[in-house]
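Worksheet for the structure shown next.
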Amino acid sequence: MADKKLREEIEKRRTFAIISHPDAGKTTLTEKFLLYGGAINLAGSVKGKATARHAVSDWMEIEKERGISVTSSVLQFNYGGFCINILDTPGHQDFSEDTYRTLMAADSAVMVIDAAKGVEPQTRKLFKVCAMRKIPIFTFMNKLDRDAMDPFELLDDIENELGIPTCPMNWPIGSGKEFKGVYDRERQMVVVYSDTQKGTKEGHKEEIPLSDTDSLLKVLGQSAFDKLMEDVELLDGAGSTFDREEVDAGMLSPVFFGSALTNFGVELFLQNFLKLTLAPLARTADTGVIDPMSDDFSAFVFKIQANMNKAHRDRIAFMRICSGRFTAGMEVLHVQGEKVMRLSQPQQMMASERHIVDEAYAGDIIGVFDPGIFSIGDTVCSPNVKFAYEGIPTFAPEHFARVRQIDTMKRKQFVKGITQIAQEGAIQIFHELNTGLEEIIVGVVGVLQFEVLKYRLENEYNVEIRMDTLPYEHIRWIANKDIDVEKLTGTSDMKKVTDLKDRPLLLFINSWSIKMTEERNEGLVLEEFSKN
Ligand code: G4P
């Protein structure tokens, strides 16, 4: 059985990812969280803001972005008796699989939405992954200090676009210049808006009970007061009611309104969120469900980050600890490599400083030096137990290109480089059925990865490449084990390929062709992502 300290440490862990469309306010909200945790004195030090956002096609930007994401992948801080791990999901316009994988390491997600814009495309994609994992999703409706959409419309938007019912925990009173505060539904209390200066904690806090009409009228004015009363009646009459079990199962999203920039509603959100979010969840391995409180250490690799220093091709493998305690210098079994080893230079991020970890617990993320042995989804555990966690799904890329090296003499370096980059999970590579590695087709989730690939092959492997984009937009894995892929009949634009693990896949130009192919081949099961 777990000792008392182990149990206490694990119980106070809360590990979550913050997801949003770029510019919705993820960075600002994270900064404010850190501020409450006392982890930083002045908001603004989470990352070099000017460079972190709006990554464009310029490589320098990509490089900075990558540099930044190494150091801000995970932030740990303490607040209110909890030990919080925030997983940062890369926030550029473009999109990589890293984001998906990061969500695999989280136990819940905070979705930040710009209240003037509602649900945006990026949010939709990220949300799909959260929904697939059935993890609790909390919504922070941001930027109420600016003119916002109608709050009922915003909730409808989430319900219609993302297909998840919502439960407003508080309710905004006006927006923009007319923003007067929020109504806390549970406590039936109006929290009056105060525009605190950037970088300071929520200062003056004025609260008025809903029953105190006189005071409310004074602060809100007649029309805002009338509107609030009307809204409260509507909310209590209709709307989803709060149901803890549904929240835990990711089937109901509690919604909080606020303004990260002016730091209003942030602490309220953080406190409620921490009350509702879960301690480290049990994960499933090939031997069954593993209890996080188990004495035996175990973790899985969810992300591999190549170091930008090309003299040393080192990489950092990020691991999510799923059970037990990690102590520096301990021996672990790398299950897929079948080797007992010590994890070298285990690191953790406290606020914005990297430091060597002495101890870490289930729920924590550590980054270890990877001499090239780990793959995404690998398990490490105490040598006395042996099991492998379920793999991390490979998601369908949406952009494809045929890639070849310009100098035919450099074939070997080219294949080595592109294979290594694919192993890190930055890109996926495919080859046409029965043609071996002659023709390589690269698939990426976001087009920025094409540029990363070109740059890295040139700089790290000294190989220049030619890339011809292909018109495919959809890829499907074939779930049927006993199928003769060569005999499949599809549409004329369909291409049959295999991936690094020799699994057969089909490429399509449009979704109509997918449907036709399914109709023409009875019993064929096509999947949008594949379990590793
Ligand atoms: P992101 O990480 O999701 O991409 O968004 P980020 O926090 O960087 O915020 C994007 C922009 O939105 C920033 O403005 C930020 O100040 C602003 N913002 C965030 N939260 C709020 C809010 O609650 N209200 C208002 N009015 N603005 C908000 P910027 O002008 O692009 O950058 P900066 O010069 O202010 O740093």
Side-chain angles (χ1 to χ4, degrees), residues 16-36 40 42-56 61-62 64-66 68-69 71-75 86-96 98-99 102-103 109-127 138-149 151 154 170 172-182 191 193-203 255-270 352 446 448:
F16 61 93
I18 305 195
I19 61 177
S20 76
H21 188 88
D23 276 351
K26 187 168 54 110
T27 313
T28 314
L29 187 68
T30 309
E31 283 164 4
K32 298 291 150 71
F33 281 174
L34 292 180
L35 196 64
Y36 286 114
I40 53 172
L42 267 181
S45 57
V46 173
K47 52 185 178 183
K49 295 196 73 178
T51 55
R53 276 183 279 115
H54 316 298
V56 281
E61 292 295 339
I62 304 171
K64 281 184 203 152
E65 178 80 14
R66 289 165 57 86
I68 288 156
S69 64
T71 51
S72 69
S73 287
V74 191
L75 295 162
I86 301 186
L87 292 156
D88 187 24
T89 52
H92 42 67
Q93 305 286 354
D94 207 51
F95 201 65
S96 76
D98 262 3
T99 315
T102 299
L103 285 169
V110 169
M111 172 164 73
V112 184
I113 292 183
D114 181 337
K117 298 196 173 137
V119 175
E120 296 175 88
Q122 198 105 314
T123 326
R124 211 170 293 144
K125 280 187 179 177
L126 290 166
F127 181 83
F138 297 82
T139 306
F140 186 76
M141 207 53 93
N142 192 27
K143 304 199 187 181
L144 263 296
D145 60 302
R146 288 216 188 133
D147 289 339
M149 283 165 63
L154 284 166
N170 61 23
I173 306 166
S175 70
K177 287 203 178 70
E178 298 301 315
F179 186 45
K180 304 278 199 236
V182 292
V191 186
Y193 178 54
S194 62
D195 177 354
T196 45
Q197 284 183 344
K198 276 191 195 185
T200 56
K201 288 194 188 184
E202 238 155 324
V255 180
F256 299 80
F257 292 82
S259 158
L261 184 67
T262 60
N263 206 359
F264 180 75
V266 175
E267 193 167 26
L268 202 65
F269 170 61
L270 184 60
S352 42
L448 193 68

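We count ligands from 1, going down the list as the structure has it; atoms in each ligand are counted the same way.
Residues passing the salt bridge (charged side-chain N to carboxylate O under 4.0 Å, His left out) test with E178 are K180, sequence neighbours excluded. Remark: T139 pairs with S253 by the side chain to side chain donor-acceptor pair (under 3.5 Å) rule, at least two apart or across chains.
In this pair, F179 and F264 present their aromatic rings perpendicular. The plane angle is above 60°, beyond the 30 to 60° band.
Close contacts between ligand 1 and T28 involve ligand atoms 6 (P), 7 (O), 9 (O), 15 (C), 19 (C) [criterion: under 4.0 Å to a heavy atom]. Close approach of ligand 1 to K26 is summarised as follows: ligand atoms under 4.0 Å from at least one heavy atom of the residue are 1 (P), 2 (O), 3 (O), 5 (O), 7 (O). Each of the following atoms of ligand 1 lies closer than 4.0 Å to a heavy atom of S20: 3 (O).
Polar contact with ligand 1: absent for L29 (N/O pair, distance under 3.5 Å). Residue P22 has no nitrogen or oxygen atom sitting less than 3.5 Å from a nitrogen or oxygen atom of ligand 1, judged on distance alone. Taking distance alone, with nitrogen or oxygen atoms compared against 3.5 Å, T262 stays at or beyond that limit from ligand 1.
Contact annotation for R146 and ligand 1: only side-chain heavy atoms (C-beta onward) come within less than 4.0 Å of the ligand. Contacts between D23 and ligand 1, counted as non-hydrogen atom pairs separated by less than 4.0 Å, involve both the backbone and the side chain. With a heavy-atom cut-off of 4.0 Å, L261 touches ligand 1 through backbone and side chain alike.
Separating the CZ atom in F16 from the CG atom in L87 is a distance of 8.5 Å, to the nearest 0.5 Å. Annotation: the span from I113 atom CD1 to I19 atom CD1 amounts to 8.5 Å, rounded to 0.5 Å. One finds the CG atom of L270 at 10.5 Å from the CZ atom of F140 (value rounded to the nearest 0.5 Å).
In terms of modelled atom types and a separation under 3.5 Å, the side chain of K32 and the main chain of A260 share a donor-acceptor contact.
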